[in-house]
Amino acid sequence: MSHPIDLIEQEPFFEARREVFPKAVHGSFRQLKWAIMVATLAVYYITPWLRWNRGPYAPHQAALVDIAHRRFYLFSIEIWPHEFYYVAGLLIMAGIGLFLITSAVGRAWCGYACPQTVWTDLFVHVERMIDGDRNAQFRLSAAPWTPAKIVRRVTKHAIWLVIAAATGGAWIFYFADAPTLAYAFITGTAPFIAYATVGVLTFTTYTLGGLMREQVCIYMCPWPRIQAAMMDEQSLAVTYKAWRGEPRGRGVKRTHDLAELANDPAARIGDCIDCNACVAACPTGIDIREGSQIGCITCGLCIDACDDIMAKVGRPARLIGYTSEADEKIAQAGGTPKPPLSRLLRARTLLYFMVWAGIGLGMVFAVGNRARIDLSVAQTRNPQWVRLADGQIRNTYTIKVRNMEGRPRNMEIAVAGLAGAALWDEHGDRRRAAQKVALHVDADQVQAVQLFLAAPGVGPEHQDIAFTVRATDAEGGTAHQTTRFDRPDTEEHDE
């Protein structure tokens with residue numbers, strides 16, 4: 001016998017995905033998206049092939065993450081591992097910049113420059129070229145599998161795979177000399193990691209940009225769930241002006257006498273004719289007239305679609321537009337909202353901008369004034385000190401000198417703060433000890449040398465000293481590192 005609960009019709013826990021086929025639109029926001037898509041794709045695909053002359057001792061690729069030699073090159077800037085805080089600074093700037101954009105204009109990053117948006121937009125354009133616009137795509141999707149449909153599907157997915165493979169291929173060129181790696185990749189002699197990386201990125205780009213599309217923005221991306229904390233009533237967002245568009249008059253042409261309608265509130269209709277053009281143009285398939293939603297990426301395509309309809313029915317544009325909640329309240333009350341750009345100049349956005357700009361200017365100043373010579377000193381602790389035959393005490397140090405110039409440099413190492421000090425390296429002996437030791441360091445290299453330092457045996461048990469390295473060429477440059485000189489305990493020696 002069936003349990004009563006089994007007789008209750010259960011609603012599905014998840015709604016099945018409805019395929020989204022965005023309709024092509026024309027307008028200022030569509031043109032802006034085209035411009036940003038072309039610019040971002042050009043930067044991504046072309047940058048690894050740009051050359052930058054750094055002299056005979058450094059790579060000539062403008063942007064290069066040289067993992068083998070632990071360097072990051074970006075045109076004239078070279079970042080060493082110990083300078084990774086610059087990369088951390090860039091990441092912090094990116095985060096604050098995202099807060100700034102969201103606070104000012106909502107999810108504009110998502111709508112125009114996010115890689116998911118850019119590649120999805122490219123894939124959708126390819127789909128339109130092969131399958132036709134929105135209505136043709138619906139018909140093709142519902143049609144039976146014929147040879148013509150198979151050819152279209154195979155062609156579309158083949159082009160998507162080529163784009164996805166080019167995406168992965170461009171990425172690996174940032175980590176090695178692009179022409180050399182490209183030749184090795186084609187001839188099958190590239191490292192396995194190169195092929196594996198291209199394979200993974202091809203799969204993810206094809207899957208996320210071609211197959212999943214809006215599902216990534218709605219379900220996978222965490223940013224829509226965070227952005228609410230970044231926005232307030234002054235933030236600009238794509239908004240349907242319900243006070244102007246409601247009640248909707250489906251299919252009504254604007255031949256009414258608006259003055260008469262105004263005198264008869266019961267006969268009044270809004271500007272929205274319920275044509276669903278905004279829904280058809282949305283890349284995530286939402287209805288902006290239902291208010292703010294997690295699926296809205298504020299791309300502005302619904303604005304272009306609605307403006308086109310408003311022009312045809314003789315009504316003012318921007319029934320859907322970028323506006324703030326505060327301005328909507330003013331407009332609904334019959335007032336004159338502030339210009340949208342004025343909403344950007346407020347305490348919150350200015351604070352974000354000043355913090356963002358401050359970090360950027362600080363990094364520029366630090367990069368421009370950083371030393372191109374670096375020095376590290378490690379004192380040998382086993383043994384901590386050695387007593388020489390003449391009673392002097394010897395300490396041993398491992399010195400590492402970093403030459404961050406793209407050319408070899410001659411340098412000298414000296415010690416300060418220790419009276420009667422004598423210094424020699426592992427290749428010399430004490431008879432040729434001096435106050436300084438000469439050193440040659442190749443371009444973009446770290447030279448390690450073991451130094452011996454002797455001083456009178458009478459003195460503090462632990463004495464602070466400083467090593468200095470100085471370039472002896474015309475450009476000069478110095479670096480300092482403090483350490484200490486150890487002697488045996490005086491009281492123990494007296495006993």
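- Note: His69 and Trp80 fail the aromatic proximity criterion, with ring centroids not under 6.0 Å apart.
- Each ring pair (Phe, Tyr, Trp, His ring centres under 6.0 Å) pair with one or both residues in residues 386-423, not counting sequence neighbours, appears once here: Tyr397-Phe467.
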Listing, residues 85-95 side-chain donor-acceptor contacts under 3.5 Å, not counting sequence neighbours, or none:
unit_1	atom_1	unit_2	atom_2	d
Tyr86	OH	Ala366	O	3.4

Practice item. Kindly determine whether His125 and Trp34 satisfy ring pair (Phe, Tyr, Trp, His ring centres under 6.0 Å), including the steps that lead there. Key: CA-CA 11 Å; His125 180 63; Trp34 278 125; 5.0 Å; yes

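- In this view, Tyr352 satisfies the ring-ring contact (aromatic ring centres under 6.0 Å, His included) rule with no residue, not counting sequence neighbours.
- A donor and an acceptor atom, one from each side chain of Arg51 and Gln61, are located under 3.5 Å apart.
- Defined by atom type and a distance below 3.5 Å, a donor-acceptor pair is missing between the side-chain atoms of Arg484 and Gln463.
- Using modelled atom types and a 3.5 Å distance limit, the side chains of Gln445 and Asn403 yield no donor-acceptor pair.
- Side-chain N/O atoms of Trp119 and Thr205 include no donor and acceptor closer than 3.5 Å.
- Phe29 pairs by the ring-ring contact (aromatic ring centres under 6.0 Å, His included) definition with Tyr322, not counting sequence neighbours.
- Within the structure, ring pair (Phe, Tyr, Trp, His ring centres under 6.0 Å) contacts touching residues 435-466 (residues at least two apart or in different chains) are Trp424-Phe452.
- Checking Arg213 against Thr207 by side-chain atom types alone, no donor-acceptor pair falls below 3.5 Å.
- Take Phe175 and apply the ring-ring contact (aromatic ring centres under 6.0 Å, His included) test, not counting sequence neighbours, and it matches Trp171.
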